[in-house]
Amino acid sequence: MTTTATTTTAQAGGQRSTPLLEVDGLTVRYETLRGDVRAIEDVSFAVGDGESLGLVGESGCGKSSVALSLLGLLPKNARVDAGEIRLQGQDLLRLPESQMRKHRWNDIAMVFQGAMNAWNPVYTIFTQIEEALTIHQRGSMTRSEARRRVGDLFELVGLDAQMMDRYPHELSGGMRQRAVIAMALSCDPKVIIADEPTTALDVIVQDRILRQLKRIQSELGMSIIYISHDIAVIAEVADRLAVMYAGGIAEIGASHTVFGHPRHPYSWSLLTSTPSIKGPLRTLSPLAGEPPDLHDPPAGCPFHPRCPMATDRCAAEKPPLELLSSAQASACWYADQVPDPREQEVLR
Amino acid sequence: MTTSPQRTATTTGAGAEGPPGTPQDGSDPSGRGLATGRRARLANRIRVLRASFRENWALFKRNRIGVVGLVVIAIFAIMALLHPILMDTVWDPERYHPVVGYSAQEVELTVVEEIENPGQEIDLQRAQLRHDPTIQVGDTVEDTIQPAPPSLDHPLGTDPLGRDVLSQLMLGAQTAFGMGAVAAMTTVIVATFIGSVAAYFRGWVDTVSMRSADFFLLLPPIPFLIFLSAIYDLNMVTLGLVFGLVSGAGSTAIVLKSQALTVAVKPFIDSARVAGASGMQVVLRHVIPNVLPLTFLYMMFTVSGAISAEAILSTFGLIDLPMSWGIMIQTANDAGYILRGVEYWWLLFPAGLAVTFLAFAFYLFGRGMDEVVNPRLRQR
Amino acid sequence: MAKRLLSRLGQLVFVLWLLVTVMFFVVNLAGDPTQQMAMDPNIPPEARELQIQRLGLDQPMHIQYWTYLTGLLQGDMGVSFHLYPREVSDIIVERLPRTFGLLLVATVVSIVAGFAVGKRVAWLRGTRREHGATIVAVFLLTVFPVWAALVMIWIFAFELDWFPSRGFITTALWRGGPYAANEVFIALLLSITALLIAAFAVFLLSRRFDAPWMRTVGGIGGLAAVVAVFLLGWSATPMAEYAANIAYHTVLPTLTLTLLSFGGTMLLTRTAMMETMQEDFVLTARAKGLSERAVRDKHVARTALNPVVASFLISLVTVITGSIVFEQVFSWPGMGLTLLNAATEGDVPLAIGGIISLGFLFMIVHFLLDLVYSALDPRLRT
Amino acid sequence: MSPPLLKLYELQKHYPLDKGILRKPSRFVHAVDGIDLDIGRGESVGLVGESGCGKTTVGRMLTLLAEPTNGSVAIRSDQLPDHDLTDLDKQDVNRLRRDVQMIFQDPYESLNPRRTIIDAVTEPLRLQDLGSREEQQERGAEMLRLVGLAPPETFAYRFPHELSGGQRQRVAIARALVINPSFVVCDEPTSMLDVSIRISIMQLMRDLAERLGVSYLYITHDLGVARYMCDRIAVMYLGKVVEVARTEDLLANPRHPYTQALVSAVPVPDPTYERPVPDIKGGVSRPVNPAPTCRFIDRCPWADHTCESNDHPPLEQVTSDHRVACYHAR
């Protein structure tokens, strides 16, 4: 696969100009006691300026590893076997650690999942945000300046400025998550990775946080990569989405197109196994089997053992990610035969 | 559905995720699916035990300090076991018995002002006293020496009373293991019971046992044992029991309770209660089995502490034992050989190092196990 | 927090009472403690009679217990047998501060050093250096203290001849001098405590500066100033020579004790660090672009400090044991040596006094640790 | 309509906040504060609400893991006809265990890691002393096959860590149903499973309920799951049930302002759909010694004088099968 071809599929459904962030052919493996694990397999995608991309998939599909690769924070036993991560054309994977450190938070910030554990329990919220500010201001920011800055950020995310002097345990889950967002915004990053930003929050709080993120994005114009297992959340916030399965991208494209008619049986099954509360209740189609063991992934298409459409070809050959239209690319030999989820039988 | 040959262990039952209730293959539909139960059960137990042993051994081995500990323990265990055999076969009890044996060596000694080589020299004063008041420096005399330096007969020399040091060292190993075993058993039984019951029942049971743990914490075992020895005569069993009780009802109980607490809030405990288990049934079948690995770990640390405690107390002559490593040091000390530096090294080093190494080895072994049984320490 | 600490104090007082009570019964189960006196030719029979009356041994058990308890509250613990006719309380007042001093210095130094080394060692996880450091720490923790002390004496007092091998003071210097040894010793102890508190206060104050560079300069400068005041202050007093003599005798036992308890604190730190390293906020800190050193010191080590302080009590047992052994080997006349002598002489009143005063010391440390722990963990401050 | 299998009447659970040995606690968390609910035979009722609303506490009281502070639970039991759960001696409790079982949320933690699968499934039989050891084993094998873990011998002697999350949840279902209970409390049994596994577990539970005639109290925060699983849904807010209705009716015409906010806050897997902004103020507080007025008053867009001057509104019938606790619902 040539670089140009990769770039076009990676950009399926996105803008044509040079993207802000490009991931190209990223392949990562973890060395464990039981042998190597292929965590990310030839993943390519691009994020344009001010765009929001959703990465969706089940646990262990590699979406969090992608996020950690972007920050250069993969665990010690991880090896990047191939690929590039380019931020405005500069390959982050080739940067020495001291250079990479300057990009973290300043250019790529992260909204972590599980907002309680993202905070160090022994410092106040302000101290922890100040820390990010002073590092990237090379120690020239005085405390009073930092307080003003954090006050502004708190206003932006809808938190009372007094909250900054509280300790993490004194805030509710929703407040902590807002503070995490404020911290992510502190250095005006170009890209924010939101890793399960609302998991473990109640739906009403989730709704508020998601709306807030969308509003802040339109005001400040940064790019956001949303990572979630919940396809409904992704549908709400992402312009484009990439569906991941077993470390690779199964399908990528503009949200409207993919949700309108998925062209990969895995995306189809994600949609048909998510009960919606709007519209008629349709039959839900469970997926047989379990996600593959990445110590020993199946040959051919990684999805074939669970795929209702699989043939002998799928067991033998791995389908490449191919452009179907300008707005959609899928890694399936039978992409044109994937049924429309709206053809599922109506129950109630 | 297509299946591939590379399905892994976890997914062998993949059919399980298919439609419910329908038998997935042609297996016996009569409901007697477990007719081969007993054999299968046994075979599976063995399979699981072997698998978990292999996995744990791999984890244990990775951290080499545990293996070092295990090897040292094995060496001392062999020494302890070999002692009665040697006494029965090779060693003449008259000369080699660690307590009542006597073997003074006849050697030719040079008379000197100050002894530098204990095996070859004798000081003037002693020589004049024992032989002939006219003896001068530079003469030689025939004399028996005790303590005698290592020789072929006595690989580690003899002590100030002319007893074989190696034999004492080996019997001392028996004492150390015995003391360690008594203390460890006591600790484990006391701490597991207190910890599990306090964690599961909470309320006043918890309050009482934790206040008593505070009490035992304020009572460091060695000062307490010293205090007890002022009033009672202590022997190995009482020493082991007291040491085990103090550490078992004190710090170990606190640690095990916090571990049991993480078990006691797990859903499977509620699940057992919903299934109809009584409080004691839950503790015995569900809480204790899950804190047992950690219990075993603390057993190692107790053994380590107990060996050291016994040696300290017997060094100060506070317990009634036939022989132990501490007594060996005490004997040397009483006869005034201890602060003479390395000249009489075989009186100080074998016993001192034996205590150190065995306590060290048990601790290392415990550390090595810690990496296996303590999921918090496993690397991500 | 005050409420929490107050209830903790209440619990500790209760436990101390429990200790006193248990000791009383442990002793009484053994029979008449004055039998020993009868055998000692130095003690006149009337003294035994007096002692029996004083301890109320002719009274029923509950009255004896009551007498004992009220006596204890007034500081009356009876008369020592083997140091007859000295009061037990008098002996304790003289010797407990010495043990406390030994413990204080050894504990503070070993915590600071053990923590500093432990955090670096944890960061080297899986390397050869980490294994080496762990083995050394375990060796220090489990080494047979008697043997270790003898080796230390042999190296530092005999071979190198740097320090005296035993004793508390050089008698020749003090004979006819203007000071009592304890007087100087207590002054020394108090000033060291003041030094520690002042250093900590300076550190806290320096954090309040607005500009980051002021915080660094203020911290280092302030610490230097505090240490300078301490050293100048001592050199100006006439006690200086005597204090130096005590300090000189203190070095070897303190060093040995510090070395041994260092292993324990280092291992505690290492374990706590390794557990903290797996927390999510460590990833957040890295993602913020902090250097590895800042992640280690500001996030992992600072958070790991809480469990280290919480479990230090277990390490303190090693220190107390060590202090008893070393007081014996170094002939350092503190509470540990007193307890040992009482035990070998069968001096029951002194043994009781010794164990209770050690328990009391432990209780104070226990409470102080609780105080520090509550101050360190904001979740407990509310 | 036949009489209900289970009848909750004014069920309450208050937890003391300031515990002490000598002091009498003065502050209580009103986790569950007077709940009335009927569940019919073979019916499955969803208990929906945000975290901290008390739904789990209700489940724990029904399975006798927590003792109600007040109120009563009546269950029509074959073992113990028409008995009140709040007034039982030890023997009754054990007999009732045969009727009321529970499926827990976390498939990784609800099975003892040191016991085999067959041990876990047959434990209720053993504890209740039902049948010989052989009969228990056979029954266990039959249950494993029933929940789709076939052939049973493949799974029976494995340990939980050798099974996937979905398979473990099947074991938990087998264990809950092995003694033929008439009523099962399901506490978010699928929320920790991956989407693709979740549906098969939900289908299995529905299928078994139909086949064995079991009633479910299905506790969940996910309205989508509740829609698929439940005949009726009860919405809880700070210890009170604020609305009960048939599933489709509740989702299509929510009457209570809280239910309306909840329904409009659920994300929809369709990027073309514009959800309305939920009409609700503030955040959830903890129900510590709550005022007697409507629990929802400080977040309610409709709150007025009537709400301020009256007690918490009673659950009143709006249509034949739809009840709401709001003064302004009609």
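Chain letters run A, B, ... following the sequence lines, proteins first, then strands; residues in each count from 1.
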Q) Side chain, backbone, both or neither: which part of A:Leu210 has an atom under 4.5 Å from a heavy atom of chain D? A) neither
(Q) If you compare all heavy atoms of A:Phe259 against all heavy atoms of D:Pro269, which two are closest, and at what distance to 0.1 Å? (A) CD2-O, 3.7 Å
**Q.** Nearest heavy atoms of D:Gly224 and A:Pro275, plus distance in Å
**A.** O-CB, 3.5 Å
Q | Side chain, backbone, both or neither of A:Pro341 within contact of chain D (heavy atoms, under 4.5 Å) | A | neither
Q.
I need the residue from D:Val277, D:Leu223, D:Leu251 with the largest number of non-hydrogen atom pairs under 4.5 Å to chain A.
A. D:Val277
Q) In terms of heavy-atom pairs under 4.5 Å, which option from A:Leu284, A:Ile231, A:Val205, A:Val203 contacts chain D the most? A) A:Leu284
Chain D and chain A: which donor-acceptor pairs fall below 3.5 Å?
| unit_1 | atom_1 | unit_2 | atom_2 | d |
| --- | --- | --- | --- | --- |
| D:Ser51 | N | A:Asp202 | OD1 | 3.0 |
| D:Ser51 | N | A:Asp202 | OD2 | 3.3 |
| D:Ser51 | OG | A:Asp202 | OD1 | 3.4 |
| D:Ser51 | OG | A:Asp202 | OD2 | 2.9 |
| D:Ser164 | OG | A:Glu290 | OE1 | 3.0 |
| D:Ser164 | OG | A:Glu290 | OE2 | 2.5 |
| D:Asp194 | OD1 | A:Ser59 | N | 3.2 |
| D:Asp194 | OD1 | A:Ser59 | OG | 3.3 |
| D:Asp194 | OD2 | A:Ser59 | OG | 2.8 |
| D:Ser196 | N | A:Glu58 | OE2 | 3.0 |
| D:Ser196 | OG | A:Glu58 | OE1 | 3.2 |
| D:Ser196 | OG | A:Glu58 | OE2 | 2.5 |
| D:Ser196 | OG | A:Arg306 | NH2 | 2.9 |
| D:Gln203 | NE2 | A:Leu284 | O | 3.0 |
| D:Arg227 | O | A:Arg348 | NH2 | 2.4 |
| D:Arg227 | NH1 | A:Ser276 | O | 2.6 |
| D:Arg227 | NH1 | A:Gly279 | O | 3.2 |
| D:Arg227 | NH2 | A:Gly279 | O | 2.7 |
| D:Glu248 | OE2 | A:Arg348 | NE | 3.1 |
| D:Val268 | N | A:Glu236 | OE2 | 3.4 |
| D:Arg275 | NE | A:Glu236 | OE1 | 3.3 |
| D:Arg275 | NE | A:Glu236 | OE2 | 2.6 |
| D:Arg275 | NH1 | A:Asp207 | OD1 | 2.7 |
| D:Arg275 | NH2 | A:Asp207 | OD1 | 2.9 |
| D:Arg275 | NH2 | A:Glu236 | OE1 | 2.4 |
| D:Arg275 | NH2 | A:Glu236 | OE2 | 3.4 |
| D:Pro276 | O | A:Arg211 | NH2 | 3.3 |
| D:Ile280 | O | A:Arg208 | NH2 | 3.2 |
| D:Gly282 | O | A:Arg208 | NH1 | 2.7 |
| D:Gly282 | O | A:Arg208 | NH2 | 3.1 |

Q: Pick one of side chain, backbone, both or neither for A:Leu271, based on which atoms fall under 4.5 Å of a heavy atom in chain D.
A: side chain
